[in-house]
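Note that ligands are numbered from 1 as they come in the structure, with each ligand's atoms numbered from 1 the same way. Just so you know, residue 1 is the first one in the sequence shown, and it goes up from there.
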Amino acid sequence: MTKVLVTGGAGYIGSHTVLELLQSGLEVVVLDNFSNSSRESLRRVEQICDCPITLYQGDILERATLDAIFAEHSIDAVIHFSGLKAVGESVQEPLRYYQTNLGGTLTLCNAMAQAGVFKLVFSSSATVYGEPSTLPLKENFQTGATTSPYATSKYMVERVLHDLQLSSTQWQIAILRYFNPVGAHQSGLIGEDPNDIPNNLMPFISQVAIGKRKQLQIFGDDYDTHDGTGVRDYIHVVDLAVGHLKALKQLQQQPGVVTYNLGTGIGYSVLDMVNAFEAETGQSVPYQIVERRSGDIAAYYSDPSKAFEQLGWQAQRGINEMVADTWRWQANNPNGYDN
Ligand code: WQD
């Protein structure tokens, strides 16, 4: 395998994955519409690894753009990140979420089939599990009891990919269910750059630390967890990126559709993350306990053993690297890529 198309390759997880692909000697073509990403992230990826990236600016729904990419490049496999991912926003704009996340994947798979490309790594989410009846979450647990159009769109795509492969066994597909991606590449040159007020915990913490936000609001401290605040399985984005490379390489041997949890298997609470951030960076993170956020659950963490057994993949970076790398990116780039 030599050339990989990465849709959404300029995004937070996409850019970190593109870097791992390039550093492993693969050629990369990126399609991105820059709706929630920056061209600058790819320039910096090229700077870090001194490798060229072929870039197409366009939307995953543009079949003609996809056809042009497959006509102009001999693509061996596709890693599909392009999509909308804000849970709250998806409740307000379900059609846009289903159109982009589900419709975009249908458009991509049609273009791939026409071009004779049948290796696909799909960016899914642990939210397809819905409210867990027990923890840790395993890949064979029930899915589908999802609670937002975002999560349901990811669940629907997973179902489509299973049906597609049953209809046409030449498809080789890896579905990767992410837990909570955090952190940044150790260079401090690429990282998470939310468009406006961060929904997620870690970018909010780092924006409080740098003085961009006044204080962190902790959504509830009355959950049934060790300190009452929500527990999640935070995974370093570089570990996540390496997981994509391992899954991609496994596609050669892996018939059918295979699903992996990409998490550490360790649950940390909100206060654990705040305390680790302050201890590791020396920055203070003032916070206030407020009401629970609707839709949140107490605890969510993975059993990542299947990826270890089948891919030889395991998260290598712990909580201290997660917070230290987050801070280095934030401190070096107070305004993200718009410096
Ligand atoms: C983590 C914890 C909050 C912000 C979401 C999506 C999921 C995935 C990852 C795409 C929770 C608490 C947060 C804040 C807080 N994205 N929190 N104050 O909700 O676990 O998952 O992002 O796949 O689909 O649902 O992540 O970072 O929003 O919250 O107290 O300002 O931090 O209550 O306990 P979440 P999160």
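- Proximity to I218 (heavy-atom distance under 4.0 Å) selects the following atoms of ligand 1: 30 (O).
- Near R293, meaning under 4.0 Å from one of its heavy atoms, ligand 1 places the atoms 3 (C), 19 (O), 28 (O), 29 (O), 36 (P).
- Contacts with ligand 1 closer than 4.0 Å are made by side-chain heavy atoms of Y150 only, the backbone lying farther away.
- Between the side chain of E278 and the backbone N or O of A276, no donor-acceptor pair lies under 3.5 Å.
- The protein atom (non-hydrogen) at minimum distance from atom 8 (C) of ligand 1 is F179 O, 4.4 Å.
- Within ligand 1, counting atoms from 1 as listed, the ones closer than 4.0 Å to a heavy atom of D296 are 3 (C), 33 (O).
- Residue contacts with ligand 1 for L201 involve both N, CA, C or O and side-chain atoms from C-beta outward (heavy atoms, distance under 4.0 Å).
- Judged purely by distance below 3.5 Å, without hydrogens or angles, the side chains of T229 and D221 never pair a donor atom with an acceptor atom.
- Ranking protein heavy atoms by distance to atom 34 (O) of ligand 1, first place goes to G230 CA, 3.6 Å.
- If you look at Y287 next to ligand 1, there are no close heavy atoms at all, none under 4.0 Å.
- Each of the following atoms of ligand 1 lies closer than 4.0 Å to a heavy atom of L216: 18 (N), 31 (O).
- Between Y234 and T264, the side chains place no donor N or O within less than 3.5 Å of an acceptor N or O (distance only, hydrogens not considered).
- Atom 12 (C) of ligand 1 has as its closest protein heavy atom V270 CG2, 3.7 Å.
- Closest heavy-atom approach to atom 2 (C) of ligand 1 among the candidates Y223, Y300, Y234: Y234.
- With respect to R43 and E46, no salt bridge is recorded, no charged nitrogen being found less than 4.0 Å from a carboxylate O.
- Taking any N or O of M202, backbone or side chain, none lies under 3.5 Å from an N or O belonging to ligand 1.
- When only non-hydrogen protein atoms are considered, atom 14 (C) of ligand 1 lies nearest to F219 CE1, 3.3 Å.
- The residue from D221, T147, N180 that puts a heavy atom closest to atom 21 (O) of ligand 1 is N180.
- In terms of protein heavy-atom proximity, atom 18 (N) of ligand 1 is closest to Q217 O, 2.8 Å.
- At a 3.5 angstrom cut-off on N or O pairs, N200 counts as close to ligand 1.
- Under the 6.0 Å cut-off for aromatic ring centres, F81 and H16 do not qualify, their centroids lying 6.0 Å or more apart.
- For atom 20 (O) of ligand 1, the closest non-hydrogen atom on the protein side is R232 NE, 2.6 Å.
- When hydrophobic clusters are built by joining Ile, Leu, Val, Met, Phe, Trp and Tyr residues whose side-chain heavy atoms come closer than 4.5 Å, directly or via intermediates, Y223 is not grouped with I289.
- Residue contact check: N199 has heavy atoms under 4.0 Å from atoms 4 (C), 28 (O) of ligand 1.
- Aromatic ring orientation, F277 versus W327: perpendicular (interplanar angle above 60°, classes split at 30° and 60°).
- Scanning the protein heavy atoms around atom 7 (C) of ligand 1, the nearest turns out to be T127 CG2, 3.8 Å.
- In the model, E89 has no side-chain atom that pairs as donor or acceptor with a side-chain atom of Y150 under 3.5 Å.
- The aromatic rings of W171 and F118 lie perpendicular to each other, with more than 60° between the two planes, well past the 30° mark.
- A continuous path of Ile, Leu, Val, Met, Phe, Trp and Tyr side chains, each step under 4.5 Å between heavy atoms, connects L19 with W313, placing both in one hydrophobic cluster.
- The ligand atoms of ligand 1 that sit less than 4.0 angstrom from a heavy atom of S125 are 23 (O), 24 (O).
- Using modelled atom types and a 3.5 Å distance limit, the side chains of R63 and Q114 yield a donor-acceptor pair.
- The atoms of ligand 1 that sit less than 4.0 Å from any heavy atom of V87 are 6 (C), 24 (O), 25 (O).
- For the residue pair Y56 and E72, a side-chain donor N or O sits within less than 3.5 Å of a side-chain acceptor on the partner.
- Remark: the backbone N or O of T259 is paired with a side-chain donor or acceptor of K306 at under 3.5 angstrom.
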